[in-house]
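Numbering of residues begins at 1 and proceeds along the displayed sequence.
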Amino acid sequence: MPDLDLIGARVLAPEGLVAGRLSFAGGLIQPGPVGRVVDLSGFLVLPGIVDIHGDGFERHLAQRRGAMKQMDEGLVAGEAELAANGITTAVLAQFISWEGGMRGPEFAARVFTAIQATRASLITDLRPQLRFETHLLDHYAALPDQLAEWGVEYLVFNDHLPHERLAAGKSPRRLMGQALKAGRSPERHEALMRELHGRSAEVPAALDRLCATLQARGLTLGSHDDRSAEARAEWRARGVEVAEFPETLAAAEAAFAAGDRVIMGAPNVVRGGSHNGNLSAIDLVAMGYCHALASDYHYPSPRRAALMLADTGLCDLARAWSLVSAGPAAILGLRDRGSLESGKRADLVILDEESRRVAATLVAGRVSYMAGEVAERFTG
């Protein structure tokens with residue numbers, strides 16, 4: 001893409017949408033005119049979306065169990081979906097879990113290796129995130145060096161074991177389906193869950209040591225699905241300062257009050273509430289406790305959620321859009337993106353002002369997606 005001056009569009013500035021020029025050269029936004037003029041009248045220019053947590057890429061890597069063998073091709077297809085939804089930086093959330101299958105350690109190693117091998121050839125900035133199950137104690141010793149090898153700089157802790165049912169001697173719900181996905185017999189799958197549950201007393205001290213090691217290596221650490229203020233305080237004491245999708249208002253309030261970063265799901269906003277009855281992201285945004293919205297499982301949702309929040313008057317567009325751009329960029333320590341300021345990367349999403357669909361996406365001034373009339377404007 002040559003150096004360009006975009007004129008005629010309304011551009012999202014910190015104070016809101018303004019009529020003006022946006023110029024970029026060498027992949028960076030410039031303070032003055034730089035080159036060829038492109039008239040974008042009828043379009044909106046906003047900061048590119050920084051998706052801080054998404055697992056929608058899974059459908060591109062393995063539509064059917066065992067069907068996809070070349071993960072790099074799946075990542076190429078996944079990037080096309082990201083770009084078509086205005087996402088310029090994408091954190092790909094991959095499990096290492098006792099659940100096995102696509103959440104097992106072998107699959108995770110393949111995913112992280114594929115991201116490393118593919119990301120330099122793609123335009124969207126793909127970044128790996130590990131979601132790690134806390135009770136996998138036998139993996140703790142090797143994990144820090146594995147993360148370094150895979151280039152993972154962001155780890156979130158999960159605990160999805162059904163502890164209450166296991167403690168009561170009951171079989172887990174949906175055992176048959178989970179066992180099939182893991183490639184285990186139901187008996188073997190349940191035995192593994194009971195074994196891990198039986199080691200629960202060992203987990204807190206092991207987490208203390210692991211978090212200290214990962215903190216010293218500069219990783220960003222988060223917890224997933226916090227249910228109480230006490231649980232959030234325990235994580236914070238370990239240096240885990242990101243609260244991802246807290247399930248209760250008490251947990252979210254405690255996180256915000258202590259200066260932790262709170263992430264909620266954009267689909268939660270679009271749906272008007274959590275799909276499983278947890279805390280409403282809309283309520284949290286209204287209270288000012290939310291720092292970022294993530295795609296979670298649905299890549300169109302960040303754009304739709306930000307526009308919905310602005311349309312309903314819950315907050316203005318600048319504030320709403322910051323939840324999917326500047327907010328997540330700050331959590332990730334990416335100071336070079338998230339807003340349309342001189343000197344920052346030319347990461348842009350261009351929306352048709354009438355339909356508000358994505359017309360084009362640019363990453364550091366390079367086109368990752370462009371279609372329809374806007375393409376004619378750029379090439380005419």
- Message: Quick test of your reading of the model: are Glu99 and Lys181 salt-bridged, counting only N-O distances below 4.0 Å?
- Response: no

- Query: Is there a donor-acceptor pair closer than 3.5 Å between any side-chain N or O of Asp51 and the backbone N or O of Ala294?
  - Reply: no

- State the OG-CD distance between Ser121 and Glu79, to the nearest 0.5 angstrom. 8.0 Å

- Note on the structure: Only residue of Glu133, Arg131, Glu244 satisfying side chain to side chain donor-acceptor pair (under 3.5 Å) with Asn158 is Arg131

- Message: So, taking the atom named CG in Leu28 and the one named CZ in Phe24, what distance separates them when rounded to the nearest 0.5 Å?
- Response: 11.0 Å

- Message: Determine whether a donor-acceptor pair (N or O, by modelled atom type, separation under 3.5 Å) exists between the side chain of Asn85 and the backbone of Ile87.
- Response: no

- Query: Counting only N and O atoms by type, is there a donor-acceptor contact under 3.5 Å from the side chain of Gln116 to the main-chain atoms of Glu149?
  - Reply: yes

- Kindly say whether the aromatic ring centers of Phe57 and Tyr297 come within a distance under 6.0 Å. no

- Hey, could you give me each pair passing ring-ring contact (aromatic ring centres under 6.0 Å, His included) that has a residue in residues 104-131? Not counting sequence neighbours. Phe112-Trp150

- Given side chains that start at C-beta, do those of Leu210 and Pro144 come closer than 4.5 Å, heavy atoms only? yes

- Main-chain N/O of Arg110 paired to Thr113 side chain as donor or acceptor, under 3.5 Å: no

- Less than 6.0 Å separating the ring centroids of Tyr154 and His53? no

- Message: Determine whether His135 and His160 satisfy the following criterion, ring-ring contact (aromatic ring centres under 6.0 Å, His included), listing intermediate values before the conclusion.
- Response: CA-CA 9 Å; His135 282 58; His160 287 157; over 10 Å; no

